[in-house]
Visitor: 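I'd like to ask you about the structure that follows.
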Amino acid sequence: MKGFFLSLEGIEGTGKSTQARLLADYLRSRGYAVIQTAEPGGTPISLKIRELLLSVDSREMDVVTELLLYNAARVQHIKEVITPALTRGDIVISDRFSDSTLAYQGYGRGIDRQVIDALDAVATGCMRPDITLLLDVDVEIGLRRNREMQKHDRLEREDVTFHQRVRRGFHEIAAAEPERICIIPCFDGIEDVHEAIKEAVASFLRERER
Ligand code: TMP
């Protein structure tokens, strides 16, 4: 089977990492070769950039520096991990990709859309996942889940209105690209969300076979 590129997106506390792992395990159990990865990260250089981005010591970081660093991490990630895996015919599951930049740095920080798109064209060549699952939950619920998991990085410390703008951003991005982006409500338990994700992937594969 030809591989494909799937991204999981969403605000804080939707359970993306857990769902990425469950989906990767499920697809592997069906015999597929799967690379599970995450942004910012996936390579040694990108992980160093991640540390810089998420450290609470980086409180002086300008929003443009932040935007450039997310893109820089993505360049390495595509070059070292995503493109080689897709070339081999593997399935790539990435916890976040460029929709996060538009949602967080665009809608959240208020950076102009044209600037975001121009940098995205440089960093990714306008590469897009074949399918994106937008995991959706209320901001208050997501932030509470993260507090319970003791996650306190620099972006999670932003106030509720920042995260509300990010969530609205994700919804607008999804509305603009309904063929690629499927919204998965995450108010139920982990198993229910996993079932909904499996159904979305099965439907994507059926569509692709046509
Ligand atoms: P996470 O791995 O816990 O999702 O943390 C990554 C954080 O970085 C999260 O707060 C979302 C943020 N982020 C951006 O602001 N822009 C981006 O382009 C990406 C990939 C992540």
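Counting starts at 1 for both ligands and their atoms, following the listed order.
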Visitor: Going through the distances and angles, do Gln105 and Tyr70 end up as a side chain to side chain donor-acceptor pair (under 3.5 Å)?
Guide: CA-CA 9 Å; Gln105 281 64 55; Tyr70 278 113; 4.8 Å; no

Visitor: Run the salt-bridge test on Glu140 and Arg144 with the 4.0 Å N-O cut-off and return the result as yes or no.
Guide: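 Looking at Glu140 and Arg144, the cut-off is not met.
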
Visitor: Other than Leu22, what residues sit in its cluster of Ile, Leu, Val, Met, Phe, Trp and Tyr side chains whose heavy atoms are under 4.5 Å apart, directly or through others?
Guide: Ile190

Visitor: For Lys198, give me all partners under salt bridge (charged side-chain N to carboxylate O under 4.0 Å, His left out), at least two apart in sequence or on another chain.
Guide: Glu195

Visitor: Kindly tell me which protein residues have any non-hydrogen atom under 4.0 angstrom away from an atom of ligand 1, grouped by chain and ordered by number?
Guide: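 Correct list: Glu12, Lys16, Glu39, Pro40, Arg50, Leu54, Tyr70, Arg74, Arg96, Ser100, Thr101, Tyr104, Gln105, Lys151, Leu155.
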
Visitor: Salt bridge check, Arg128 against Asp120: does any charged N sit closer than 4.0 Å to a carboxylate O?
Guide: yes

Visitor: List the residues meeting side-chain hydrogen bond (donor to acceptor under 3.5 Å, both in side chains) with Ser100, not counting sequence neighbours, and say none if there are none.
Guide: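 Result, side-chain hydrogen bond (donor to acceptor under 3.5 Å, both in side chains) vs Ser100: Glu9, Arg96.
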
